[in-house]
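Notes follow once the structure below has been shown.
For this chain, numbers begin at 1 and follow the sequence in order.
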Amino acid sequence: MKISALLTSAGINIGLCALLLSLYSILRKQPGNVNVYFGRRLAQEHSRLRDSFILERFVPSPSWIMKALQYKEEEILDIAGLDAVVFLRILVFSTPTELFWTRYSSWADSFNIIRCIYYWKCRTKIKMEYKNIARMRLVHVTRSPLSPSHFTVLVRGIPKSTEQPFHDAVQTFFTKYHASSYLSHQMVYKVGKVQKIMSGAKKAYNKCAHLKDNVVDQRCRPSVYRCCLCGGPSNSFQLYHDELEVSGKETDDHSDPNARDEECASAFVFFKTRYAALVSSEVLQTSNPMLWVTDMAPEPDDVYWSNLWLPYRQLWIRRIATLLASIVLMFLFLIPVTFVQGLSQLDTLQQRLPFLKGILKKPFISQLVTGYLPSVVLQLFLYAIPPTMMLFSAVEGPISHSGRKKSACYKVLYFTIWNVFFVNVLSGSVISQINVLSSPKDIPSQLAKAVPRQATFFITYVLTSGWASLSSEVMQLFSLIWNFIRKYIFRKTEDPTSVPSFPYHTEIPKLLFFGLLGFTCSILAPLILPFLLVYYFLGYIVYRNQILNVYCSRYETGGSMWPIVHNTTVFSLVLTQIIALGVFGLKESPVAAGFMIPLVILTLLFNEYCRKRFHPLFKSFSAQDLIDMDREDEQSGRMDQIHEQLILAYCQFPPDAQDKSPRGDECEGEVEGHNSSIEIDNNARSQVSKDDSSQHPTLGTLPVVRLQKAVKFLSMIFTLQKRSLSI
């Protein structure tokens, strides 16, 4: 281990963290940055700091740390939801406290260390956390407000017929085979571009409504870049808003004969009870598994509309294509990893680049190049991986945003473990990796030899990708720069509706990979453990602050990411035990090596037990709980009201385009609490009340009507813009 290079990297990263955290404690107090550092609170409370000179605003202070730690878990659950609580539990769960104290306090032999790791982490902590998260998920399902996804099933693979359109085929099929439980359905339309126009119209309306509420009887100042309503009086928007309402009332009563021309082979089917929807989603509908495919629908805010009209038959081809693309990307990434390995080896670098011999002979430069630069270069290359994996996951065809993010989380995790751990441990050479894989019996000894050689790199990687990234996360550098450009160059006002969502697909793989490093390096390179402890402690503070103030949850998955944590932890345990087996083999200790084999088997058996006991709770709901919830709603008389709300819950063109609330697409449903996006249009409600509850209309003409309203709305906006410019 190169101590001098490690100290150089540690000094640079510690100084960078201290600088960024100090700047954050100052910048968060400035009124101009309130939408950067308090996006969630600004969207919910519409609070604004006073723009007055106070000396305390320009002095670094740790007050934000105390504010982030003062919230209890129950309060965070009410504010940010179960997904945020589970993420914080991942931080606590992954902290290698037991590894630290076992290694530095007892100085036992390696076998005792592995045994302690197994009994503490595997037998106690993993099972206890899995059980607690499963219990919290059950409470979330049974005690949360009404979720329309419990009554809704997404049907894909609807057979095409020349005799009747998809709309009639769905109604005929479910009326015939699910007559006692079928309520209604809503078709999915192939209107990707039109839906973008509708989303843009909704954003424009929310911004204009916000401008109307906050800038009364004022005109925007002339500038090089004019804002949306620059030059026009604030009450001019109210005039067009009234006209839009009148035109909307006129168009609601008309139907378009071409409404079903863009119907695709997918539909949301609503059932009278939660239990009926669960049974329908689990049962094979026909003898052909490729037709009438049913799944429980995601939450309305979680629906990934652009993938719903993909033909179901081509989804398996898309999955294979994205899998092959991910594998190709993993092997292509060997090029930058090999380059990074060359930077960490000073002798090899001098041989390949002889003109740098004079510069590399200087002690500080050599320590900087070998200790700090490799992890920085690798981190820069890794920044492109999460967006790429998100693109691959979108191509696979998931039906929900959470499903896409979960798939991307798996891909980023596998990619990181392979390219950052295994490729670096095996020296980054493709030939050497093939040689190792060709002889599996030599893998434990090869890992036992290679892990200590890469200890310096892994520690510097924790400093760069861990400590420095946390300080960059709390600073929100990109948002801060964009806020400055938007406010002082484009002269745009603050937009409280634009709030980012938490990047689970990038942060969870990072936490789990650091946990893997803690396991595998605890035996041969225990010096990494204090750096990991500092990272997890700092991350606990930073992420609590970001969850409470910055990020906004667009949807709630009920902690569905936890099985990824469990599987990765078990994999880390097995890998650690394999490395220990190699260590005992190198030390020629056959007795200890013999005890490691049944330990690996016990770990795998324990994983199978957890998979059978807890994992089904994260895939589906229990019939017992759903039936109890249905009976409670029927006894209280709420079921009819729930049925009315289901009609418009999954409309592609929601009727809240005229909603004056400050929420937007970026933070939908968070301002007024969870599942608050279920809103009923008055016209649709009156139409529903005229029909029998078992024969609800599918409202197939409503998307076309709302499209007409959106086009009229956009035309009014453009007319208003021209008038304002002429003034």
Side-chain angles (χ1 to χ4, degrees), residues 16-17 19-53 57-58 60 64 196 199-215 218-232 234 379-380 383-384 386-387 390-391 468-503 506 542 545-546 549-552 554 662-667 717-718 720-721 724-725:
L16 184 62
C17 289
L19 175 62
L20 292 180
L21 292 177
S22 300
L23 287 176
Y24 167 72
S25 65
I26 297 175
L27 293 174
R28 70 188 300 271
K29 303 175 185 178
Q30 311 308 313
N33 299 328
V34 64
N35 62 321
V36 177
Y37 298 119
F38 299 96
R40 166 186 284 276
R41 296 177 60 183
L42 184 64
Q44 290 181 338
E45 304 170 8
H46 314 291
S47 58
R48 189 180 299 272
L49 298 177
R50 292 179 297 177
D51 192 3
S52 58
F53 179 81
R57 283 173 40 200
F58 302 93
W64 65 276
K196 291 181 180 179
S199 300
K202 182 179 178 181
K203 292 180 181 179
Y205 179 85
N206 288 331
K207 292 180 180 180
C208 295
H210 174 71
L211 181 64
K212 172 181 174 295
D213 295 335
N214 293 277
V215 189
Q218 294 182 4
R219 296 174 183 264
C220 298
R221 293 190 300 270
S223 59
V224 177
Y225 185 91
R226 293 179 179 268
C227 59
C228 295
L229 300 178
C230 217
S234 60
Q379 185 64 28
L380 292 176
Y383 276 131
M390 281 291 285
L391 177 62
S469 66
L470 284 176
S471 58
S472 176
E473 164 66 29
V474 76
M475 274 286 292
Q476 293 287 299
L477 293 176
F478 295 106
S479 299
L480 190 66
I481 295 172
W482 171 242
N483 178 65
F484 178 83
I485 295 174
R486 182 182 60 194
K487 179 176 292 187
Y488 297 104
I489 297 179
F490 292 161
R491 301 295 180 90
K492 285 188 176 182
T493 57
E494 295 178 0
D495 182 14
T497 64
S498 179
V499 184
S501 61
F502 195 89
T506 62
V542 168
N545 177 78
Q546 302 300 91
N549 297 322
V550 178
Y551 295 114
C552 187
R554 302 181 187 177
R663 61 194 176 97
D665 289 342
E666 292 79 9
C667 187
I717 290 292
F718 296 148
L720 182 59
Q721 176 72 9
S724 63
L725 292 177

With sequence neighbours left out, write down each residue that passes side-chain contact (heavy atoms from CB on, under 4.5 Å) with [X], or none if nothing qualifies.
X: Ser469; value: Lys510
X: Phe478; value: none
X: Ile485; value: Ile481, Trp482, Ile489, Phe490

> Stepwise, does the side-chain contact (heavy atoms from CB on, under 4.5 Å) test hold for Asn483 with Gln476?
Replying inline: CA-CA 10 Å; Asn483 178 65; Gln476 293 287 299; over 6 Å; no
> For Tyr37, which residues count as a ring-ring contact (aromatic ring centres under 6.0 Å, His included) partner, sequence neighbours excluded?
Replying inline: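 Tyr37 satisfies ring-ring contact (aromatic ring centres under 6.0 Å, His included) with Tyr24 once adjacent residues are dropped.
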Minimum heavy-atom distance [X]-[Y], with the two atoms named:
X: Ala468; Y: Cys17; answer: N-SG, 3.7 Å
X: Val550; Y: Val36; answer: CG1-O, 3.9 Å
X: Tyr551; Y: Ser501; answer: CD2-O, 3.4 Å
X: Leu20; Y: Ser472; answer: CD1-N, 4.1 Å

>> Could you tell me if the side chain of Gln546 sits less than 4.5 Å from the side chain of Val474, heavy atoms only?
In response: yes
> side-chain contact (heavy atoms from CB on, under 4.5 Å) between Thr506 and Glu473: does it pass, once the steps are laid out?
Replying inline: CA-CA 12 Å; Thr506 62; Glu473 164 66 29; over 6 Å; no
> Rounded to the nearest 0.5 Å, how far apart are CG of Asn35 and CZ of Arg486?
Replying inline: 5.0 Å
> How long is the span from the CG atom in Leu27 to the NZ atom in Lys29, to the nearest 0.5 Å?
Replying inline: 10.5 Å
